[in-house]
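Structure, as structure tokens:
By convention in this document, chain letters (A, B, ...) are assigned in the order of the sequence lines, proteins followed by strands, and residues within each chain are numbered from 1.
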There are 2 protein chains.
Amino acid sequence: MRLTTKGRYAVTAMLDLAIHAEDGPVSLNDISGRQGISLSYLEQLFARLRRCGLVSSVRGPGGGYQLSRATPEINVAEIVDAVNESMDATRCNKQGNCQEGFECLTHHLWLDLSDQIHEFLEKISLEQLISRNEIQQTARRQDGNNDNRIEAFLSEAAVNG
Amino acid sequence: MRLTTKGRYAVTAMLDLAIHAEDGPVSLNDISGRQGISLSYLEQLFARLRRCGLVSSVRGPGGGYQLSRATPEINVAEIVDAVNESMDATRCNKQGNCQEGFECLTHHLWLDLSDQIHEFLEKISLEQLISRNEIQQTARRQDGNNDNRIEAFLSEAAVNG
DNA sequence: TTTATTTCCTACTAATTCAGTCAAGTTTAA
DNA sequence: TTAAACTTGACTGAATTAGTAGGAAATAAA
């Protein structure tokens, strides 16, 4: 079992996508800028997310990615599953042949833990995440930085005619 | 966050220790034979378990390892913590500086998940594990193999005088 | 006192995965 | 037609895993 940057980045990016869904397709370049994730790495992650049917892509200028389903219909577990192998805690992939064809002494413990983790992550939808206070604050901070850049660009444009 | 063979072996070995506690100190060689874990690897794991005060050692012939506390007083979480870094799911070790000094968009999600996992594993003591049916069965199977070997040895000894 | 058994300690290694880069493509709106 | 944007595959340095190897120290038993 593992949860690494890969799975964490995927959820973060999907959440960014959900937050900025109103503006049409979101480019990986924008996500990269806001979330501090390298563009090339995002490309790899979204290839998997697309293959699992979680997002759809729009190519060409003005294109980007969109969620395939509404935010209440996407939960964190499936995002992590899409990019990470899984959150399975057993060694035997739940086969029960962990020690010479038989169950190891702790097989059922890890089975229970796997269920526990999966249930927890399954219960959390993107919509629920968006509605959380801390996340809205963080999102505003990230967008604020972006707005500042836009403002700076616009005022400069005004000066230059 | 990760749960690998290291953490799983540690819990398995501690459980083996708990099950055979009545026979006095348990040697790593015995555990290695019963649980199919390499002796050298066990030595590394028990060095950490000893440093964390979970087991005490008796050197010399007939020696081995003993639990430092009674089985209800040892839970799975502390065993995993002793050998694995931790089951912390955040990237920032709960510091909240995951993205350029600020919290990343999903910081609180991973914080909650970490708590969830830790609480779950904390609630499970070695005593609870021992009392589980599947574990008793597995233990009997493992000891059975061992008993067969002892029987074979004894009957051979009888033949040889 | 010797010997066998056991823990203790350090160093090494092959394989895997992570996290990310690089370089070439293809699509398609403007 | 052109450039923005996605797509794909190969590659890489660093870290971690899952061990192995070899010996030193302690100690109970012969």
Give the rounded distance in Å between these two atoms: [atom1] of [X] and [atom2] of [N].
X: A/F46; N: C/dA19; atom1: CZ; atom2: C1'; result: 17 Å
X: A/L45; N: D/dT8; atom1: CG; atom2: P; result: 14 Å
X: B/L39; N: D/dA21; atom1: CG; atom2: C1'; result: 12 Å
X: B/N29; N: C/dA4; atom1: CG; atom2: C1'; result: 13 Å
X: B/Q44; N: C/dT7; atom1: CD; atom2: P; result: 14 Å
X: B/R8; N: D/dT17; atom1: CZ; atom2: P; result: 12 Å
X: B/I31; N: C/dT6; atom1: CD1; atom2: P; result: 12 Å
X: A/R48; N: C/dA19; atom1: CZ; atom2: P; result: 11 Å

Check whether any side-chain nitrogen or oxygen of [X] sits under 4.0 Å from OP1 or OP2 of [N], and answer yes or no.
X: B/T4; N: D/dA18; answer: yes
X: B/S38; N: D/dG19; answer: no
X: B/Y65; N: C/dC8; answer: yes
X: B/S40; N: D/dG19; answer: no

Do [X] and [Y] have side chains that get closer than 4.5 Å, going by heavy atoms?
X: B/L111; Y: B/K94; result: yes
X: A/F120; Y: A/I117; result: no
X: B/Q99; Y: B/L105; result: no

Task: B/T5 vs A/A47, nearer the 5' end of DNA chain D by closest nucleotide - done: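 Result of the comparison: A/A47.
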Main-chain N/O of [Y] paired to [X] side chain as donor or acceptor, under 3.5 Å:
X: B/R48; Y: B/V83; answer: yes
X: A/T138; Y: A/E134; answer: yes
X: A/S38; Y: A/Y41; answer: yes
X: B/Q128; Y: B/S125; answer: yes

TODO: Scan for side-chain hydrogen bond (donor to acceptor under 3.5 Å, both in side chains) pairs involving residues 62-77 of chain B, sequence neighbours excluded, and state none if there are none.
DONE: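 Qualifying pairs, neighbours excluded: B/R69-B/E78.
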- [ ] Could you give me the CA-CA distance, side-chain angles and deciding distance for A/H20 and A/D30, then say whether side chain to side chain contact (heavy atoms under 4.5 Å, CB included) is met?
- [x] CA-CA 10 Å; A/H20 298 91; A/D30 287 356; over 6 Å; no
- [ ] Specify the residues of residues 50-58 of chain B, ordered by number, for which at least one heavy atom lies under 4.0 angstrom from an atom of DNA chain C.
- [x]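 Here the set is B/R50, B/S57, B/V58.
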- [ ] Hey, could you give me each pair passing salt bridge (Lys or Arg N to Asp or Glu O under 4.0 Å) that has a residue in residues 49-67 of chain B? Not counting sequence neighbours.
- [x]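 Qualifying pairs, neighbours excluded: none.
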TODO: Starting from the 5' end of DNA chain C, give me the residue, B/L28 or A/Y41, whose nearest nucleotide shows up first.
DONE: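 It is B/L28, whose closest nucleotide lies nearer the 5' terminus.
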- [ ] Begin from the C-alpha positions of B/R8 and B/T5 and carry the test side chain to side chain contact (heavy atoms under 4.5 Å, CB included) through to its verdict.
- [x] CA-CA 5 Å; B/R8 282 188 289 252; B/T5 300; 4.1 Å; yes
Task: side chain to side chain donor-acceptor pair (under 3.5 Å) against B/D112, all qualifying residues, sequence neighbours excluded - done: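 B/D112 satisfies side chain to side chain donor-acceptor pair (under 3.5 Å) with A/R132 once adjacent residues are dropped.
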Set out, line by line, the N/O atom pairs under 3.5 Å between protein and nucleotides 23-26 of chain D.
residue: D/dA26; atom: O4'; partner: B/R59; partner atom: NH1; Å: 2.8

TODO: Under 4.0 Å from any atom of DNA chain D, heavy atoms only: list the residues of residues 9-19 of chain A that qualify, in numerical order.
DONE: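 DNA chain D contact set from residues 9-19 of chain A: none.
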